Every structure is written in C-alpha cells, then in structure tokens.
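Everything below concerns the one structure shown next.
Computed from a predicted structure; not experimentally measured. Just so it is clear, the values below take in all heavy atoms, side chains as well, and ignore hydrogens, waters and symmetry mates.
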Amino acid sequence: MLQLTVLREQTDFVVAALNKKNYKNAAQEVAALLELDQQRRQVQNEHDELQSRANSIAKEIGALMKSGEREKAESLKSETSELKQRTKTLAEQLSAIEDEIQKALYKLPNLPHESVPAGRTAEDNEVVLQHGEIPTLHAGALPHWELIKQYDIIDFDLGNKITGAGFPVYKKQGARLQRALINFFLDEAMKAGYMEVQPPILINEASGYGTGQLPDKEGQMYHATADNLYLIPTAEVPITNIYRDEIVPVDKLPIKNAGYTPCFRREAGSWGADVRGLNRLHQFDKVEIVQISLPEKSYEILEEMSSYIQSLLQKLELPYRVLRLCGGDMGFTSALTYDMEVYSTAQGRWLEVSSCSNFETYQANRLKLRYKTESGKTQLLHTLNGSALALPRIVAAILENNQTPDGINMPKVLHPYLGFEKIG
RNA sequence: GGAGAGAUGGGUGAGUGGCUGAAACCAGCAGUUUGCUAAACUGCCGUACUGGAAACGGUACCGGGGGUUCGAAUCCCCCUCUCUCCGCCA
C-alpha cells in the first residue's frame, strides 16, 4: 500500500510512476484520494475538538459529583447531549471517509523503480543477461511430458484420479528428484546465511492483506471457506507475515529467511499448449527466500538475491537468462522484478523459474513492519523475496536438456542428494 | 467436540465506573558515582492520526466489534484467540 504522505508530497511523481505501470486514470484517482484526505483531516479536527470538550465536561461532572454539587452536575449533563450527537455524526463521517481512503489505497499498485523499462507486455521486458550454452539434442528428443511417461516418474493421470488436472503424482526417481532439489535448495540457502523456516501453508485473511493477495486477488487462491483460510500461492505470504506488526531492532537486519512449501494456484482461465505438462500446475513445490532490509540497502540486496538465484541455476548447469520486467508485466506489489528463465530445449522456449522482487515499503506499510531510526523515528522497512527455486519447470528443463538416447543425466550437484546419476 | 478460566505497554503483572495512557518490577536508553567490572542512584522509556516552524498540544487505542453511561481497561452483548480438564487423534 502506498503511503498517503507520499501521494500528498510527491503527487506528480506518483502519477507518472502509476502511468508507467499502465495504471488507468492515475491522475484522477490520486486527485480524488487527496481530496478525501483533505476532507478526512477537516472532519477529524472538528471531531477531536468536540470530543475534547466532551471529555473535559465529563471530568468536571466527576469533580462536582465528588464535592456533592449534584444539581450543577445535572445541568452540565444536559449540556452534553447535543455535543454527543454532533460528535457521533462526525465520527460516522470520519470512519466512512477512512474506509473510502483505505479502499482507494488498496487499489493502487506499487510504484515502479526508475530502472523499470516502460512497456505493456512480456514482449517489452528487458533481457539483462543470458548465461550458459543451449544444448543440441539428439534426433528424436522428447518434451518432458513424454519423457515422464517413458520413464514413469511423474503421473498426471493418477493425479487426475485423486484430485484433478494440475496435481501430478511424482513417482520413483521423479519423487526422489523432487526431494533432492528441495534439500539442495535449502542447503544452499543455509550456506548463504538464510534461516530456515517451515511456515503454515494455510493463511488467514490478515496475512493475505499483509502481502497484497487480498483484497481483489482471492481468485488466485484456494479458499477453505469453513474456516476462512486460504492455501498459500507462495511461501512469501506466511514467511513475510511472520514479521507483521513488528518493530525490528536494527541489529537484526537484514532478516534472511528461506523456506520450502508446496504452493497452490487456481490459475483460473489459463489453458493451452504452453501449459502442458509441468509448465503450469495447481500444486507445486518451491523454496522461497525472503529478506527484510533497511530502505537504503534494499536494492543492493535485490542484486545479491538475484546473483544467489543465478548461482543455483549455474550449479544445476541450466542455460538461463535474467529479465527486468517492464512496467506492464510486473506484479501489483512490486517496485522492481527480475525474472529468471531457463531454456527448455525440447520445447524451444524459456520457462520462468524464479521471480525476484523488491517491494520497498509497499508490503511493509500493510504489514506495519518497521524499525527505529537512530533519532528514534519509526519507519517502514523494505521487503524482498525470490523463488530459489520453483521446482516443476526446473525439473522440466533438467529432463529435456539432459536427455540422451539411453537415459537422462542428472546434474552433478544433485548426485549426492539423489543416490543415482541417471534416469533410465 | 464438551466444561471451565483468561486476553492490560518489549516482558512479568496491578488495576471492578471519574484522581488510569495506565501502578510496580524486569529489560532497554541517557547520566551520576567508581581505578576497571559489578553494584547503587537520577532521568527517559508504547503506537497511530492530527494541530504547530518549533516548543508544546488534541484525539484514539488495555484481543476485535457493538452497546450502556455525562464519563468504560473496569458493566452488558457478539466474535476471535490462549490456557486447563475431558473426548477424539498423527
């Protein structure tokens, strides 16, 4: 959530930034918000003043009652009734205005960082770098959805039977590969100084609001209505919400957490050839890294996180590229996002396997996640996170890129985790 | 799921209608004393909104929401959560 003071003090800048994110009617909405803010303060001033008078009269009555001057007290009482009525009306107005402001603020996305390229779609994303050689496959090489059948390691039909489309069953070396990747990613995160956490995978409404999934994006999450809980779409939600309503001591910063969770996405309305196989699932596994940092350090940390994620891809020997997302393609809550994509050779396309973002104060403002400056002022921290990594597309790329006519070679770093070197 | 008890500031915990934004203690911060450490002493020590250049004010907040009252941490109603006992159970 954007801060009202920023809208107030840097209105033109905010409007320009919203425009860059292709937000419609930015100028009008911001102007309307400022108007509401103006009203709010006026009403609040009036209200506070009346309340203040009511408070002092109440005190007076108390004193009179004590000294036994009942009649004077009674006459004062009658004086307050009109005051009370007016205060009540103002209080109602005030909370109506506050609600409206809140709603309007929730609607506004985060402002993109100055380095974010302008643009509307994925076409406009900027390729920051590309790394690794794209392998040449043997004749008759298969896409991963054929390979998993051939070696019987991931079973979509079974998942269909048990749950539905997009919930595969991993079997044998396929299951082992999942476990190996999770352990590898977590071990690497520990080495990089992250603290491992294992959060709940169901979250309440407050947590959904904290990181920006609610309101308006409940459609992407599975909702357990009996208890009003949501299955997490990413570990970002529970892990970041650990720090909701916190004032973090400066010497604890930056906070670096990593956690493995399954993730659940309804992905309503997405079908087609490019979502075949492991490309898009309703349930998948992911190790997420989250950092909470001082505002002045957050972009340095974003780079650090980006290199860390790249180091994983390098160790897995996967060709990848890094994109800086354009204003139109980035997430609602993000100020700057890098996407990491691996090349899936049999499909001949890049697959997103990580998204690494700086949210600046946008989430922190909703979370009330703050620190105290040296002068004692409470200020919002910055939150960041990245996938490190999401498994399914990594698996797809490993299977496709490393296939040979007589089996699929596993990346060396995984051998100790797998207990085998080759599938088939 | 049943029965009971409870939810107060960073922590412990007092407070059953006005003198309580909230005692006391602990932790924390600043200082005095001290050869150093320790101890002792003094002061400070919640959050948000808001007025003000500032000094300094105003309002709200004692789990959340509503109500009674001139006045609510304190009384009433609803909700949530925690604890204890019972039941069930990985």
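Across all strands shown, U20(B) forms no Watson-Crick or G-U wobble pair with both key distances under 3.5 Å. The pairing partner recorded for G31(B) is C41(B), the criterion being a Watson-Crick or G-U wobble arrangement whose two distances lie under 3.5 angstrom. Under the Watson-Crick or G-U wobble criterion, with both distances below 3.5 Å, G71(B) has no partner in any strand shown. In a base pair of the Watson-Crick type (N1 to N3 plus N6-O4 or O6-N4) or a G-U wobble (N1-O2 and O6-N3), with each distance short of 3.5 Å, C25(B) is matched with G11(B). When Watson-Crick and G-U wobble pairs are counted only if both distances are under 3.5 Å, A90(B) pairs with no nucleotide at all. Searching all strands for a Watson-Crick or G-U wobble partner of C85(B) with both distances below 3.5 Å returns G2(B). Pairing partner, U47(B): A60(B), with both Watson-Crick or wobble hydrogen-bond distances short of 3.5 Å. Across the strands present, G52(B) finds no partner; the criterion is a Watson-Crick or G-U wobble pair with both atom distances under 3.5 angstrom.
Counting only heavy atoms from C-beta outward, the side chains of Tyr194(A) and Leu186(A) never approach each other to under 4.5 Å. The side-chain heavy atoms of Gln213(A) and Glu236(A), taken from C-beta on, include a pair separated by under 4.5 Å.
For the P atoms, the distance from A54(B) to G43(B) is 29 Å, rounded to whole Å. Separation of the P atoms belonging to A7(B) and C44(B) is 29 Å when rounded to the nearest angstrom. Here the separation of G17(B) from U74(B), taken at their C1' atoms, is 7 Å to the nearest Å. Distance check on atom C1': G13(B) versus G18(B) gives 24 Å, rounded to whole Å. Rounded to whole Å, the C1' atom of C78(B) lies 42 Å from the corresponding atom of C56(B). C85(B) and A30(B) have their P atoms separated by 45 Å, with the value rounded to a whole Å. Nucleotides A23(B) and A73(B) have their C1' atoms positioned 14 Å apart, rounded to a whole Å. A90(B) and A5(B) are spaced 32 Å apart, taking the P atom of each and rounding to whole Å.
In this structure, Arg370(A) places its CZ atom 9 Å from P of C49(B), rounding to the nearest Å. Atom NZ of Lys252(A) is separated from atom C1' of G10(B) by 12 Å (rounded to the nearest Å). For the pair Glu46(A) CD and U50(B) P, the interatomic distance rounds to 16 Å; values are reported in whole Å. Remark: C1' of U47(B) and CZ of Arg244(A) are 17 Å apart, rounded to the nearest angstrom. Remark: C1' of A72(B) and NZ of Lys84(A) are 12 Å apart, rounded to the nearest angstrom. One can place CD of Glu205(A) at 17 Å from P of G64(B), the figure rounded to the nearest angstrom. To the nearest angstrom, P of C44(B) lies 17 Å from NZ of Lys372(A). In this structure, Gln51(A) places its CD atom 13 Å from C1' of C61(B), rounding to the nearest Å.
Residue Thr378(A) is in sugar-phosphate contact alone, with no base atom involved, counting any heavy-atom pair closer than 4.0 Å across all strands shown. The residue Arg53(A) sits apart from the nucleic acid: no heavy atom pair falls under 4.0 Å. Within 4.0 Å of Lys72(A), counting heavy atoms only, lies no atom of the nucleic acid at all.
Applying the 4.0 Å criterion to OP1 and OP2 of G51(B), one finds that Arg41(A) has a side-chain N or O inside that range.
Of the candidates Ile394(A), Val395(A), Asn401(A), Ile398(A) forms a side-chain contact (heavy atoms from CB on, under 4.5 Å) with just one, namely Ile394(A).
Of the candidates U50(B), C70(B), G58(B), U50(B) carries the atom nearest the Arg40(A) side chain, counting heavy atoms from C-beta on. Checking U59(B), G18(B), A48(B) against the side-chain heavy atoms of Ile61(A) singles out G18(B) as nearest. Comparing C49(B), U47(B), G71(B) against the side chain of Ala58(A) picks out G71(B) as the nearest.
Residues Lys77(A) and Gln44(A) each lie close to RNA chain B; by heavy-atom proximity, the contact nearer the 5' end of the strand is made by Gln44(A). The 5' end of RNA chain B is approached more closely, in terms of each residue's nearest nucleotide, by Lys59(A) than by the other of Asn55(A) and Lys59(A).
Open room surrounds CD on Glu49(A); 12 or fewer heavy atoms of other groups in view lie less than 6.0 Å from it.
Atom CD of residue Glu126(A) and atom CG of residue Asp339(A) lie 12.5 Å apart, to the nearest 0.5 angstrom.
Between Tyr209(A) and Tyr106(A), the gap from one ring centroid to the other is short of 6.0 Å. Side-chain rings of Phe420(A) and His415(A) stay apart, their centers remaining 6.0 Å or farther from each other.
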